[in-house]
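Values in this document were obtained by computation on a predicted structure and should not be read as measured data. Both counts, for ligands and for their atoms, begin at 1 and track the order of listing.
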Amino acid sequence: MATLDQIDKTRLPKHIAIIMDGNGRWAKQRGLERSAGHREGLEALRRIMRAIQEVGVKYVTVYSFSTENWNRPKEEVDALMNLIAWGLKSEEQNMIEMGARLEFIGDISRMPEEALRVTNEVIASTSQGQNYTMIVAFNYGSRDEITRSVRAIAEKVAKGEMKPEDITEEDISRNLDTRNYPDPDLLIRTGGEERISNYLLWQMAYAEMYFTPIFWPDFTKADIYDAIVEFQNRERRFGKTSAQIQEEEKEKLL
Ligand code: IPE
Ligand code: IPE
Ligand code: MG
């Protein structure tokens with residue numbers, strides 16, 4: 001189990017993306033309703049937000065509801081919507097004190113009206129936060145997001161504002177919901193599944209993947225420290241050789 005002082009503050013991930021998975025199985029193991037797992041998952045999120053602030057990571061994106069999660073039973077969908085909105089509302093004061101700014105990616109317009117209203121309140125009241133940005137992916141699907149980006153570019157081409165041959169990778173990135181954030185460099189998925197589930201596909205081209213069997217409601221500060229320490233022990237080569245990377249590291253120290 002890692003501790004805070006094992007983390008090298010000079011080599012932090014800029015942006016951690018989290019797939020908070022395993023709430024349902026956590027509840028089932030205890031003979032509880034799935035919704036009890038989601039409630040406990042909210043407690044885990046509270047802990048992790050504090051850990052992020054203590055460590056000093058600037059961006060964290062959490063997957064709260066995917067475009068595919070609409071296929072779950074209606075009671076579960078409704079319970080999740082309300083839990084997300086009211087959970088954030090209950091954290092509003094803490095977020096303001098921590099200097100956390102809340103933002104969303106995905107299409108939040110499908111949230112029930114009242115939940116959307118409180119969500120927008122928290123977005124507005126935390127908008128001055130300077131310490132870190134917490135991005136909630138809600139009704140989010142990466143393919144949907146990329147499709148919307150491509151559509152926006154195609155409209156510019158159709159109007160003659162842009163030529164197809166001038167389209168760059170940056171144009172695609174600039175039209176994604178994540179346009180204002182650096183790409184995640186670390187992905188953490190709890191709950192034991194080792195898949196991406198339509199999350200930040202474009203943005204995670206070079207993210208380090210960290211999978212843990214721990215169910216999200218059981219995920220602690222020490223567990224996120226472990227993930228960051230492991231991230232810091234990996235050699236990120238971006239297509240180069242290990243020798244090249246080591247040479248670059250040496251030069252940086254000179
Ligand atoms: C993740 O936990 C939370 C959401 C998808 C909202 P799950 O609800 O997927 O939990 P499992 O995977 O069934 O255990
Ligand atoms: C991914 O978890 C979405 C969220 C955590 C919100 P799922 O539990 O929906 O993913 P799959 O269906 O197992 O891939
Ligand atoms: Mg799941």
Practice prompt. Evaluate the ring planes of Y206 and F238, with Trp represented by its six-membered ring, and classify them as parallel (under 30°), tilted (30 to 60°) or perpendicular (over 60°).
Written response: tilted
Practice prompt. Take N139 and M111 through the side chain to side chain contact (heavy atoms under 4.5 Å, CB included) test and state the conclusion after the steps.
Written response: CA-CA 8 Å; N139 187 17; M111 227 185 233; over 6 Å; no
Fill in: Distance-only N or O hit between ligand 1 and L80, under 3.5 Å
no
Worksheet item: Does the cation-pi check pass for R25 over W216, that is, NZ or CZ under 6.0 Å from the six-membered ring centre and within 45° of its axis?
Response: no
Worksheet, complete the sentence: atom 7 (P) of ligand 2: closest protein heavy atom, distance to 0.1 Å, is R72 NH2, 3.8 Å
Worksheet item: Do Q246 and S242 meet the criterion of a side-chain donor-acceptor pair at a distance under 3.5 Å?
Response: yes
Worksheet item: So which heavy atom in the protein is nearest atom 10 (O) of ligand 2, and how far is it from that ligand atom?
Response: R189 NH2, 3.3 Å
Item to complete: Within a distance under 4.0 Å of any heavy atom of H38, pick out the atoms of ligand 1 and give their elements.
Response: 3 (C), 8 (O)
Discussion item. Assess, by modelled atom type and distance only, whether the side chains of Y210 and E230 contain a donor and an acceptor separated by less than 3.5 Å.
Written reply: no
Item to complete: State yes or no: are the ring centers of Y132 and Y59 separated by less than 6.0 Å?
Response: no
Practice prompt. Return the option from G22, G191, S197 holding the heavy atom at the smallest distance from atom 11 (P) of ligand 2.
Written response: S197
Worksheet item: Looking only at heavy atoms, is any part of F65 under 4.0 Å from ligand 2, and if so is it the side chain, the backbone, or both, or is it neither?
Response: backbone
Worksheet entry | Closest protein heavy atom (residue, atom, distance) for atom 6 (C) of ligand 2 | Y63 O, 3.3 Å
Worksheet item: Any idea which protein heavy atom is nearest atom 9 (O) of ligand 2, and the distance to it?
Response: N69 ND2, 2.9 Å
Worksheet item: For ligand 1, is K28 a contact, meaning one of its heavy atoms is under 4.0 Å away?
Response: no
Fill in: Nitrogen or oxygen of S66 less than 3.5 angstrom from that of ligand 2
no
Worksheet entry | Atom of S142, atom of W202 and distance for their closest heavy-atom approach | OG-N, 4.1 Å
Discussion item. Please classify the S64 to ligand 2 contact at 4.0 Å (heavy-atom distances, strictly less than): side chain, backbone, both or neither.
Written reply: backbone
Discussion item. Return the closest protein heavy atom for atom 13 (O) of ligand 2 as residue, atom name and distance.
Written reply: R195 NH2, 2.8 Å
Worksheet entry | Residue-ligand contact E193/ligand 1, heavy atom below 4.0 Å | no
Fill in: Side-chain donor-acceptor contact under 3.5 Å, H15 with Q203
no
Fill in: Under 3.5 Å side-chain donor-acceptor pair for E40 and N23
no
Worksheet item: For R25, is the nearest heavy atom under 4.0 Å from an atom of ligand 2?
Response: no
Discussion item. For a 4.5 angstrom cut-off between non-hydrogen side-chain atoms, does M134 reach R101?
Written reply: no
Discussion item. If the cut-off is 2.8 Å, does any N/O/S atom of D21 fall short of it from the Mg ion (ligand 3)?
Written reply: yes
Worksheet item: How far is atom 1 (C) of ligand 1 from its nearest protein heavy atom, and which residue and atom is that?
Response: M20 O, 3.0 Å
